[in-house]
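Being a predicted model, the structure only gives us computed values, none of them experimental. Nothing fancy with the numbering, it's 1 onward along the sequence.
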Amino acid sequence: LEQACALGGSKLVVVLGHSGCRTVGSACAHLEVGNITPLLSKIQPSVRAERSKLEDRKEDPAFVDAVASRNAWRQM
């Protein structure tokens, strides 16, 4: 992203979240999966924030979608 903006001249960055995200679902389930583990740990603040609002239902699509939405807002 830094290269695209600083060197490539990009004027717009799109932050996209989507429903049913398996990466967010993995973060909700607190999985540790090889090289993706550091990425999953960056989603944990969103998991914790939603857990304080909703019961932690790792397999519940509504919980995963709420975490995905919050994470997209955090990344912006």
Measure the spacing between [atom1] of [X] and [atom2] of [Y] and express it to the nearest 0.5 Å.
X: S41; Y: E32; atom1: OG; atom2: CD; result: 9.0 Å
X: M76; Y: N71; atom1: CE; atom2: CG; result: 10.5 Å
X: R51; Y: S46; atom1: CZ; atom2: OG; result: 11.5 Å
X: N35; Y: L40; atom1: CG; atom2: CG; result: 11.0 Å
X: R70; Y: Q75; atom1: CZ; atom2: CD; result: 12.5 Å

- Message: Could you check whether any side-chain N or O of S69 sits under 3.5 Å from a backbone N or O of D65, counting only pairs where one atom can act as donor and the other as acceptor?
- Response: no
- Message: Quick one: does any side-chain atom of S26 pair with a main-chain N or O of L31 as donor and acceptor, under 3.5 Å?
- Response: no
- Atom of A27, atom of Q44 and distance for their closest heavy-atom approach: O-NE2, 2.8 Å
- Residue pair G25 / V64: nearest heavy atoms and the distance that separates them: N-CG1, 3.8 Å
- Message: Is there a path of hydrophobic side-chain contacts, each under 4.5 Å between heavy atoms of I/L/V/M/F/W/Y residues, joining I36 to I43?
- Response: no
- Task: Please tell me if the side chains of V13 and C5 come closer than 4.5 Å, counting only heavy atoms from C-beta onward.
- Result: yes
- Task: Check whether more than 12 heavy atoms from other residues, nucleotides or ligands sit under 6.0 Å from atom CG of L1, and answer yes or no.
- Result: no
